Number of protein chains: 2
Amino acid sequence: MPAQRADARRNYARILAVAEEEVAAHGADASLEQIARTAGVGSATVRRHFPTRRALLEAVSRQQIEALCARARELAGSGDSRGALLEWLGEVVAYSASARGLAAALARDGASPDSLYENSCSAALEEAGAPLLRRAVQDGAAAEDVTVADLITLVVGIVLATEHHPDPPAEADRLFRLTVAGLGPRS
Amino acid sequence: MPAQRADARRNYARILAVAEEEVAAHGADASLEQIARTAGVGSATVRRHFPTRRALLEAVSRQQIEALCARARELAGSGDSRGALLEWLGEVVAYSASARGLAAALARDGASPDSLYENSCSAALEEAGAPLLRRAVQDGAAAEDVTVADLITLVVGIVLATEHHPDPPAEADRLFRLTVAGLGPRS
DNA sequence: TGCTAAACGGCGGGGCCCTCCGTATCTTAC
DNA sequence: GTAAGATACGGAGGGCCCCGCCGTTTAGCA
């Protein structure tokens, strides 16, 4: 006895596939109705499988998020704690800047009453990044009151602000390096 | 012979006043129709005075922007070039975080064909901030390849990313300080 | 006081989001 | 194999919004 009916699973997959293309093409505010139309289902079905736009964005971004989490685990064993953290953050920037909708999925949405099980995407990333940051703090390469959430928020901010540039990934990377370096040579 | 008819000016003022409240209440994507209704004019009239949402946001933010420009001129004479630049940027953060819509008005919108006379808001800010940055660069307090536009973009990113937090201004300020400090004590 | 041009605003088209509810389809049990 | 029940579907309608058109009003000038 499947937890879900077979046709429901099929539709879920179809919708998700179409949504990936549509979000890639039109960004985080792609039309849900358009997705439904292309997938050949009713708009209600889309809403049934993905109650909120955010839910859909998170599902679309899932693979990328998991890849980033895996990368964090890889880097956790690296010798250079600061370098590992920066490398990982840089990849988060690169992914978010090139895969449209990812940044929006990561952005916290204060509109929710209970923020417990929500933000599954950003929660996963934060958990994966925690060891990296912890090690960097221990090595004195990062301030103690910084959280992974802070870093993710900064990254998301950079990506959001560069979203409309001619070459978002390049610009995002530039600003990220600038941020890492601090305002300038002399502090 | 007025460049504009008297009633047009009146309506402009009415709409702008209503828009300020509405944007303050509902953020950058306040309903233009709601503004028209509250102002007691047709929605076409709103569009006539403010062809794009961005135009309206810029008009709404004009006073704040000018205040920030004035502040930049004040700080231009300060002895501590780095301190002056940081002080100014901090105020940009504070303004943007507390006045809803300002960040959106500042955000570059790549949708425009000719970006010449556009972004009057951010253009003004950039011009006002240029001397501050120039001095900081001369004093070696900022990297040479940094532009005011970069700094504004970073600030806007921080504000956008913290927009949905419980206390946006506080969070934005935190992240700004974190950015200025660089990732950590050891670089 | 007329005339002209500027400004207004109602209206309709198109789109999107959201909800409801009758219907079709899958599962399971017999 | 079939009948019953649960599950999922999707069309339709309401509400809101942005946008453009165009007949009408009104301010400003002679």
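Lettering follows sequence order; numbering is per chain, from 1. Values in this document were obtained by computation on a predicted structure and should not be read as measured data.
B:Leu102 places a side-chain heavy atom less than 4.5 Å from the side chain of B:Ile65.
Atom pair B:Leu56:CG and D:dC19:P shows a separation of 12 Å (rounding to whole Å applied). Between the CD atom of A:Gln34 and the P atom of C:dC17 there is a distance of 10 Å, given to the nearest Å. Separating the CD atom of B:Gln4 from the P atom of C:dA7 is a distance of 6 Å, rounded to the nearest angstrom. One can place CZ of B:Arg9 at 15 Å from C1' of D:dT26, the figure rounded to the nearest angstrom. Atoms CG (B:Asn11) and P (D:dT26) sit 13 Å apart, rounded to a whole Å. D:dG14 atom C1' lies 13 Å from atom CD of A:Glu33, rounded to whole Å. The distance from atom NE2 of B:His26 to atom C1' of D:dC17 is 14 Å, rounded to the nearest whole Å. Following rounding to the nearest Å, A:Ile15 (CD1) and D:dG10 (P) show an atom-to-atom distance of 8 Å.
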(request) I would like to know whether A:Arg174 and B:Asp145 meet salt bridge (charged side-chain N to carboxylate O under 4.0 Å, His left out); could you show each step before the answer? (result) CA-CA 10 Å; A:Arg174 257 195 67 227; B:Asp145 59 348; 5.8 Å; no
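Residue A:Asp7 has its side chain nearest to D:dA8 when only D:dA8, C:dG9, C:dC8 are considered. Here the side chain of B:Ser31 is nearest to one of D:dC17, C:dA5, C:dC26, namely D:dC17.
If you check every strand for non-hydrogen atoms under 4.0 Å, B:Arg37 touches sugar and phosphate atoms only.
Looking only at atom types and distance, the side chain of B:Glu58 has a donor-acceptor partner in the side chain of B:Ser120 under 3.5 Å away. Between the side chains of A:Arg37 and A:Gln34, at least one donor-acceptor pair of N or O atoms lies under 3.5 Å.
Of all the residues in residues 43-53 of chain A, A:Ala44, A:Thr45, A:Arg48, A:His49 reach under 4.0 Å from DNA chain D with at least one non-hydrogen atom.
Residue B:Phe50 holds its CZ atom at 5.0 Å from CG of B:Leu16, rounded to the nearest 0.5 Å. Distance CG/B:Leu68 to OG/B:Ser61: 10.0 Å, rounded to 0.5 Å. Atom CZ of A:Arg71 sits about 10.0 Å away from atom CG of A:Leu132, to the nearest 0.5 Å.
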